[in-house]
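Please read the structure below before turning to the comments.
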Amino acid sequence: MRFDVVTLFPEMFEAARLGVTGKALDTGKASLKLWNPRDYTDDTHRTVDDRPYGGGPGMVMMVEPLKAALQEAKAAAPGSRVIYLTPQGQRFDQMAAREMAARDGMILLAGRYEGIDERLVDCCVDEEWSIGDYVLSGGELAAMVIMDAVTRLLPGVLGHEDSAQQDSYMNGLLDFPQYTRPDALEGREVPDVLLSGNHAAIGKWRLKQALGRTWLRRPDLLEQRELSEEEQRLLEEFIRTHQG
Ligand SMILES: Nc1nonc1C(=O)N1CCN(Cc2ccccn2)CC1
């Protein structure tokens, strides 16, 4: 997976060199190249923003430096589609992450200021994606969210047990509660079943908790998910005990 990112703040992507994404980069399962429009300016102040036609607050990313950086990235990654991070984009989710993880690469365009010139979107952007309905200071964090979610899905990046956990977590349910030492914390005990060593009972307890939590917190997810007979029974059991 080749990630190319057009950004005015390449330093932010040092964070991608840590943890799971850092290991994926170190082992060559992913690569990251940054393209800074400021390197494509030709004035002494290295200007990268300009005033919007029509007036109004804020600045827009200047066309020429951005276009030059984007063209270089496209030349270096000819097969990669250009993704523009913007609140106006389609909502990114796990299904989108899975689809993107199957690609050879992507060029992520991280905008700052009030955005980019619409003619650049028309000529050079293939897809617009949003990570949620809130306004960030730029597209860099959104780009890193997508890079992280996609990288975790690349073959060999997560260990087998992690990817199994990832699958269980994302099988359309919220995660079950997690516990670790000590087994008693200020009078609060770890559920006995988790200390029992009975893996069948532990699995059943975890599935019931995942179903129950999803019912309580994200009933919308349950509506999209077929339940097996056992899952239906476990959920009904959870609801009965929850309602007392
Ligand atoms: N939410 C999000 N999910 O992806 N990106 C965001 C996000 O908030 N931002 C902040 C504004 N930036 C610049 C901008 C401003 C206006 C129009 C287009 N671009 C883009 C990235």
Side-chain angles (χ1 to χ4, degrees), residues 1-21 30 32-41 45-74 77 80-103 105-153 170 218 220-221:
M1 170 62 68
R2 176 182 173 130
F3 292 111
D4 289 273
V5 184
V6 178
T7 172
L8 290 170
F9 293 94
E11 310 88 335
M12 287 182 73
F13 291 83
E14 283 309 302
R17 300 194 186 281
L18 304 171
V20 167
T21 49
L32 171 61
K33 185 159 176 52
L34 303 163
W35 306 84
N36 188 341
R38 208 175 286 279
D39 297 336
Y40 299 87
T41 55
H45 298 294
R46 306 185 77 203
T47 311
V48 289
D49 60 334
D50 202 346
R51 288 175 298 127
Y53 280 124
M59 302 290 274
V60 176
M61 289 186 80
M62 239 171 107
V63 173
E64 284 313 316
L66 180 56
K67 187 162 187 179
L70 197 49
Q71 300 295 36
E72 290 269 283
K74 291 173 83 156
S80 295
R81 288 169 66 81
V82 177
I83 291 177
Y84 178 38
L85 291 316
T86 165
Q88 281 77 41
Q90 52 186 324
R91 176 64 71 83
F92 181 73
D93 60 11
Q94 193 68 12
M95 193 184 297
R98 285 194 202 106
E99 185 278 321
M100 291 182 185
R103 303 182 186 187
M106 60 185 75
I107 297 170
L108 296 164
L109 175 47
R112 283 267 152 173
Y113 310 111
E114 296 309 309
I116 68 175
D117 189 296
E118 196 63 19
R119 289 166 293 180
L120 262 175
V121 177
D122 295 341
C123 81
C124 309
V125 166
D126 298 306
E127 301 172 20
E128 296 184 51
W129 285 92
S130 167
I131 62 165
D133 293 336
Y134 35 79
V135 181
L136 302 169
S137 306
E140 285 80 7
L141 291 176
M144 279 192 268
V145 162
I146 289 181
M147 285 168 59
D148 190 285
V150 168
T151 300
R152 294 174 59 82
L153 296 173
M170 278 319 298
R218 289 291 307 276
D220 58 300
L221 292 179

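Below, all heavy atoms of this structure are taken into account, side chains as well, without hydrogens, waters or symmetry copies. In each ligand, atom 1 is the first atom listed, and ligand 1 is the first ligand listed.
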Exercise. Between Thr7 and Glu140, do the side chains contain an N or O donor and an N or O acceptor separated by less than 3.5 Å?
Worked result: yes

Problem set entry | Distance in Å, Asp49 CG paired with Arg38 CZ, rounded so as to fall on 0.5 Å steps | 7.5 Å

For this session: Find all atoms of ligand 1 within a distance of less than 4.0 Å from any non-hydrogen atom belonging to Gly139, and give their numbers and elements.
Result: 21 (C)

For this session: Quick one: look up the protein heavy atom nearest atom 20 (C) of ligand 1 and list residue, atom name and how far away it is.
Result: Leu85 O, 3.4 Å

Problem set entry | N or O pair under 3.5 Å between Tyr113 and ligand 1 | no

Problem set entry | Close side-chain approach of Tyr113 and Leu8, heavy atoms under 4.5 Å | yes

For this session: Would you mind checking if Asp93 and Arg91 are paired as a salt bridge, meaning a charged N to carboxylate O distance below 4.0 Å?
Result: no

For this session: For atom 5 (N) of ligand 1, grab the closest protein heavy atom and report residue, atom and distance to one decimal in Å.
Result: Thr86 N, 3.5 Å

For this session: Show the numbers, then the answer: is there a side-chain contact (heavy atoms from CB on, under 4.5 Å) between Glu128 and Gln90?
Result: CA-CA 6 Å; Glu128 296 184 51; Gln90 52 186 324; over 6 Å; no

Exercise. What's the shortest heavy-atom distance between Ile131 and Ala142, and which atoms?
Worked result: CD1-CA, 3.7 Å

For this session: Under 4.0 Å from a heavy atom of Ile131: give me the atoms of ligand 1 that qualify, with their elements.
Result: 3 (N), 4 (O)

Exercise. For atom 12 (N) of ligand 1, what's the nearest protein heavy atom and its distance?
Worked result: Gly111 O, 3.8 Å

Exercise. If you count the atoms of ligand 1 from 1 in the order shown, which ones are under 4.0 Å from a heavy atom of Glu114?
Worked result: 14 (C), 15 (C), 16 (C), 17 (C)

Problem set entry | Proximal atoms of ligand 1 relative to Gly132 (non-hydrogen, under 4.0 Å) | 1 (N)

Problem set entry | Contact atoms of ligand 1, heavy-atom distance to Val135 under 4.0 Å | 8 (O)

Exercise. Which ligand 1 atoms are under 4.0 Å away from a heavy-atom of Gln88?
Worked result: 17 (C), 18 (C)

Exercise. Could you state the interatomic distance from CG (Leu66) to CZ (Arg112), rounded to the nearest 0.5 Å?
Worked result: 13.5 Å

Exercise. Between CG of Asp50 and CD of Glu64, what distance do you get to the nearest 0.5 Å?
Worked result: 11.0 Å

For this session: Answer yes when Glu127 and Arg103 have at least one side-chain N-carboxylate O distance shorter than 4.0 Å, and no when they do not.
Result: yes

Exercise. Among all protein non-hydrogen atoms, which one is nearest to atom 10 (C) of ligand 1, and what is the separation to 0.1 Å?
Worked result: Leu136 O, 3.1 Å

Problem set entry | Atoms of ligand 1, numbered as shown, that sit under 4.0 Å from any heavy atom of Tyr84 | 14 (C), 18 (C), 19 (N)

Problem set entry | Backbone or side-chain N or O of Gly115 under 3.5 Å from ligand 1 N or O | no

Seminar exercise, completed: A student checking ligand 1 against Ala142 at a 4.0 Å heavy-atom cut-off should list atoms 4 (O), 5 (N)

